[in-house]
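Notes follow once the structure below has been shown.
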Amino acid sequence: MLAINSTSALTKYNVLNFGAKPNGKTDSTKAFLMAWKAACASADSTIIYVPKERYLLGSMAFQGGCKSPQIIFRIDGTLVAPQDYRVLGKSTDWLSFEGVNGVSILGASHSNCPSGATTLSFTNSKNIRIRSLLSLNSQMFHIVINGCENVNVQGVRIIAAGNSPNTDGIHVQSSKNVNIIKCSIKTGDDCISIGPGTKNLWIEQITCGPGHGISIGSLAKDLKEEGVQNVTVRNTIFLGTQNGLRIKSWARPSTGFVQGVRFMDSLMRNVQNPIVIDQNYCPHNLNCPNQVSGIKIKDIIYEGIRGTSSTEVAIKFDCSPKNPCTGIRLQNVNLSYLNKSAQSSCSNVRGKALNLVRPESCL
């Protein structure tokens, strides 16, 4: 975990001193960028302070290459995006950090935390800490971690309507040594989505719902694709979600793989697909009919998964006929459907069930 020095020892840059207007109506983008430039150029550890009140911000990209060994963004106020998202222009991100090292985003610590950074993106960065933020009603993904190393996300709340498309809560790809802990995520897409090139990912104490669950994939979007490995998901709660624990790949060739995944201690409440591997994903039957997934899935453990399914099939393993799923293990799984027995479904999967497994395993 990234160590944070006492804020009293840091050189402070208050965005108000750079011309930020705390009225939620006047564009403060330039002031925030000027504060970043000053902090970045400092040889000292620094803090960029955002006092209470509301700040209207357009698209901002905070570039790395800083002299400062540590920059803390302390957000006690509310960051507001333009109501018309087209104002952001061609940018796909609202607030993005590129090539930074030792940056922390800290929200207010009290229970009535205001709306924090929406559509927050880190790319090719190291030693990142995101803590105690509320991201509200993002147009697209709320938090993206892409090509990063040593990232800690903790105490984040994410809220979007259950019917809002592509509003993934936290998306991780091409990154390693990422921890996501003690977060509450309500969204219209995946609560947490895990893309190619993810390695050493730890997810713990997550409450998800509404949303599409925690998903590895979609994979096999490209022929040449990095794998996903060493992922642990434990102590999670899913409330009325479309999926619980999901691995998903397109039905087409790929060099990608998934291995070394541990799903442990999850509670399902009225979840449509509590446990699912889908290697025949082909929405709208475009670009993948009559093809099979090249993704190799092996060494996946489901342990201590319990609760209720809103559909009769609580466990579904629909794997590739060319690359069957191997080393799948179910242990101490207890899922029911409408207070009665649920069912499991298996295609092209090899593995074993240990101890109590309900519904009865098809492995």
Hey, could you give me each pair passing disulfide bond (SG atoms under 2.5 Å apart) that has a residue in [range]? Not counting sequence neighbours.
range            : result
residues 194-243 : C191-C208
residues 310-339 : C319-C325
residues 149-180 : none

Output side-chain donor-acceptor pairs under 3.5 Å for residues 181-188, partner residues at least two apart or in another chain, one line each.
{"from": "T187", "atom 1": "OG1", "to": "T167", "atom 2": "O", "distance (Å)": "2.2"}
{"from": "T187", "atom 1": "OG1", "to": "T167", "atom 2": "OG1", "distance (Å)": "2.9"}

| Does the pair E303 and N332 meet the rule for a side-chain hydrogen bond (donor to acceptor under 3.5 Å, both in side chains), with working shown? | CA-CA 6 Å; E303 181 177 350; N332 295 326; 4.7 Å; no
| query | With sequence neighbours left out, which residue pairs that include part of residues 233-267 fulfil the ring pair (Phe, Tyr, Trp, His ring centres under 6.0 Å) condition? | reply |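 Output for this query lists W250-Y281, F263-Y302.
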Looking only at side-chain N and O atoms, does [Y] offer a donor or acceptor that is under 3.5 Å from a partner on [X]?
X    : Y    : value
N101 : N127 : yes
Q343 : E312 : yes
T11  : S42  : no

Is [Y] close to [X] at the side-chain level, that is, under 4.5 Å between some pair of heavy atoms?
X    : Y    : answer
T46  : K12  : no
I247 : V228 : no
N273 : D278 : no
P51  : V15  : yes
F317 : L330 : yes
N323 : I297 : no
P196 : L219 : yes

| Centres of the W36 and F18 rings: under 6.0 Å? |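 Ring centres of F18 and W36 not closer than 6.0 Å.
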Does a sphere of radius 6.0 Å around [atom1] in [X] hold more than 12 heavy atoms from other residues, nucleotides or ligands, not counting ones at 6.0 Å or beyond?
X    : atom1 : value
R262 : CZ    : yes
E98  : CD    : yes
E360 : CD    : no

| message | Return the CD to OG1 distance between Q173 and T198, rounded to the nearest 0.5 Å. | response |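 If we round to the nearest 0.5 Å, Q173:CD and T198:OG1 are 7.0 Å apart.
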| remark: Here the gap from D189 atom CG to N166 atom CG, rounded to the nearest 0.5 Å, amounts to 5.5 Å
Identify the heavy atoms of [X] and [Y] that sit nearest to each other, and give their distance.
X    : Y    : answer
T236 : S266 : OG1-OG, 2.6 Å
T241 : G213 : CB-N, 4.3 Å
Q272 : Q242 : CB-O, 3.1 Å

| remark: Quick note, salt bridge (Lys or Arg N to Asp or Glu O under 4.0 Å) partners involving residues 243-252, not counting sequence neighbours, are D190-R246
| said: Could you check whether any side-chain N or O of T308 sits under 3.5 Å from a backbone N or O of S336, counting only pairs where one atom can act as donor and the other as acceptor? | reply: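 Answer holds: no.
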| task | Starting from the C-alpha separation in whole Å, work towards a yes-or-no answer on side-chain contact (heavy atoms from CB on, under 4.5 Å) for C66 and I71. | result | CA-CA 9 Å; C66 297; I71 301 177; 3.9 Å; yes
